[in-house]
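Values reported hereafter were calculated over all heavy atoms of this structure, with side chains retained and with hydrogens, waters and symmetry mates removed. Given the structure is predicted, the values throughout are model-derived calculations rather than measurements.
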Amino acid sequence: KPAEPKSKRVPTRLRNKIQKKSAAKQRKDKKVAKRNPEWKSKLKKDPGIPNLFPYKEKLLHKIEEDRVRRKEELLRRRELLKATNAAQPATAEEDAEQDAMIDDLDGSDADADAGDAMDEDGSDIDESNPLAALIASARKAAEQYDKDLQSGDEMDDDSDGDDESDDDTDPRVNEVQGGASSRKAYDKVFKTVVEQADVVLYVLDARDPEGTRSRDVERAVMAARGGGKRLILILNKVDLIPPPVLHSWLTHLRRFFPTLPLRASNPAPNAHTFNHRDITLQSTSTALFRVLKSFAASRNLKRAISVGVIGYPNVGKSSVINALLSRLGGSRNQRAACPAGAEAGVTTSIRAVKIDNRLTLLDSPGIVFPSTTAASTPTFTPRNPTEAHAHLVLLNAIPPKQIDDPIPAVSLLLKRLSATANLVERMTQFYDLPPLLANPASGDATMDFLVQVARKRGRLGRGGVPNVNAAAMTVVTDWRDGRIQGWTEAPVPAVAVAGEEGKAVADGEIGPDQKVIVTEWAKEFKLDGLWGGEAG
């Protein structure tokens, strides 16, 4: 016997349950959309006349008839005006007015003819056809962009010819990401962030702070808005250097500007990290958040304080913002408003992230800043373009896909590690290699090192020939992720010598004004006693 058919009627209780779940889902989606920092227009684009519209041909025909009718009316009015002028003589003033009216009509006729030509090209700017207007506008914008780009290149060529003898120009300025000039990126991104920000966070890599620092950037921030800007140095990736080195760098940098150590993100897998007892991911992000909130409260402004984050590529600018957001609660992955990655070039534009009603952060793409070549500053001065490119590779400022020859970077890395005791030995222990054999002619052990790394890591070509380029990329990746230990030592203050010259050498670039600035700013940000800093 067949079963009785079941009723499809749903109880009111289940219907109400479904409606409540749907409403809750919509409310949740609205909240997620509000937290999304990317701006999206709510206005839908006009798609034009659909092909399935049954009266499309009629509508297009009507638009064409209206255009022809307007043109004929314009011609008729022009001929009538000319005939009136020929039949009735007028004074000089009337003649001038009529000539001006004819010129206006001629101009309108020329515009109509230009519109006809654009119709033939399929790019008529007509309000009745929004799709064609959009295409024409895009073409016009593309042509204008090409003209501006060409004029900008000519101006850069002229400025390069005038500034060939400038001593402050760094060879690294011409290094680029994606083929665009780093000088253009410096002018556009840096100036925009500095103009909008009240406080500038200058993020430095703890393994090479002076290599990722620029005196020109500091001077520009100090000179902006009549000295009303505030600059804080953020020493990121402090877990990759030992505590004594970190303490020496903090002591050195705090002689110039307020400096805070920070662990903005967790280390990469198998990275060699150092245990800093009081400097943890949570404590450093909380301290930075408290410092910024203290400054915002001291200003008593009716608007939010803007904090710009600048620095070299891949120093951790986006991770700094994500660390501040994670401090507010929730999972780091859920509150990651700024995309971050191990490679350079993840952030491509300026991004504003609102922390609360009193604080807004500005994330910026990484650019290679120009640096000075002062004798008292232990910055790296490349001797040729190859060495400059290798230096940028070690600073992780170039994406791996844009590295053509990584071997000079490995050679420079071995040279730097040789300056510090036991660092080369630790690297050979990491790869489980025997002692390196230097080249008798040049004394360089780079090729022997790469050959052994290629054999250990299986970077072999046909016939078992070691692929030294692949091995070099492996070494560069391990250096970027912190698997290879390495750092630079902080400069030791010069010993004072009798006389004015000795005093200048001992003080270096630090004058009384700079000391006052550090002291006053430390009071504004309430940095006294933070991680052993006397004045920040």
Side-chain angles (χ1 to χ4, degrees), residues 205-211 237-246 248-249 267-276 342 378 380-384 386-398 400 403-492:
D205 193 335
R207 293 180 291 179
D208 189 6
E210 287 293 346
K237 304 180 183 180
V238 295
D239 55 329
L240 300 180
I241 61 176
V245 178
L246 173 60
S248 61
W249 272 115
N270 300 327
H272 291 280
T273 59
F274 294 89
N275 184 17
H276 298 272
F380 175 77
T381 304
R383 293 173 293 183
N384 50 61
T386 302
E387 195 169 348
H389 186 271
H391 178 68
L392 291 177
V393 170
L394 293 184
L395 291 178
N396 309 319
I398 300 178
I403 301 176
D404 299 329
D405 187 11
I407 296 179
V410 177
S411 178
L412 183 60
L413 177 61
L414 290 176
K415 182 179 178 181
R416 290 187 178 182
L417 295 182
S418 301
T420 306
N422 300 329
L423 288 184
V424 176
E425 183 179 353
R426 293 181 184 178
M427 183 176 63
T428 55
Q429 291 177 358
F430 170 71
Y431 289 109
D432 193 15
L433 303 179
L436 302 180
L437 298 177
N439 189 357
S442 61
D444 189 11
T446 304
M447 292 308 298
D448 179 65
F449 171 69
L450 292 177
V451 168
Q452 294 189 45
V453 170
R455 289 173 179 172
K456 281 288 183 180
R457 296 297 179 91
R459 303 297 190 266
L460 303 175
R462 281 188 173 184
V465 178
N467 189 346
V468 292
N469 286 327
M473 282 303 303
T474 300
V475 175
V476 170
T477 303
D478 291 338
W479 165 258
R480 179 196 67 195
D481 295 339
R483 300 184 185 95
I484 298 177
Q485 294 183 3
W487 54 82
T488 57
E489 298 290 343
V492 180

Quick one: side chains of residues 408-415, donor-acceptor pairs under 3.5 Å with protein atoms, not counting sequence neighbours, listed by atom name and distance.
from : atom 1 : to   : atom 2 : distance (Å)
S411 : OG     : D444 : OD2    : 3.4
S411 : OG     : T446 : OG1    : 3.4

Gap between atom CH2 of W249 and atom CZ of R207 - 0.5 Å precision: 13.5 Å

4.5 Å side-chain heavy-atom contact, H391 and D208: yes

From NZ (K237) to OG1 (T273), nearest 0.5 Å: 14.0 Å

Spacing of I484 atom CD1 and T428 atom OG1 [to the nearest 0.5 Å]: 10.5 Å

Over all atoms of both residues, closest heavy-atom pair of H276 and P242: CE1-C, 3.8 Å

Point-to-point distance, once rounded to the nearest 0.5 Å, from CH2 of W479 to CE of M427: 10.0 Å

Heavy-atom check, side chain of L417 versus side chain of R426, under 4.5 Å: no

Value rounded to 0.5 Å, distance of CD1 in I241 from CD in Q485: 12.0 Å

Nearest heavy-atom neighbours spanning R483 and N270: CG-O, 3.6 Å

4.5 Å side-chain heavy-atom contact, V453 and R459: no

Taking every non-hydrogen atom, the tightest pair across G482 and L240: CA-CD2, 4.2 Å

Worked verdict on R457 versus D478 for side-chain contact (heavy atoms from CB on, under 4.5 Å): CA-CA 12 Å; R457 296 297 179 91; D478 291 338; 3.7 Å; yes

P434 to Q452 - nearest heavy-atom pair and separation: CD-OE1, 2.8 Å

pair D205-L395: side-chain heavy atoms closer than 4.5 Å: no

Full working for side-chain contact (heavy atoms from CB on, under 4.5 Å) between I398 and H389: CA-CA 9 Å; I398 300 178; H389 186 271; 3.5 Å; yes

Separation of N469 CG from D405 CG (nearest 0.5 Å): 6.0 Å

Side chain to side chain contact (heavy atoms under 4.5 Å, CB included) partners of L460, counting only residues at least two apart: R455, P466

Side chains of V475 and Y431 in contact at under 4.5 Å (non-hydrogen atoms): yes

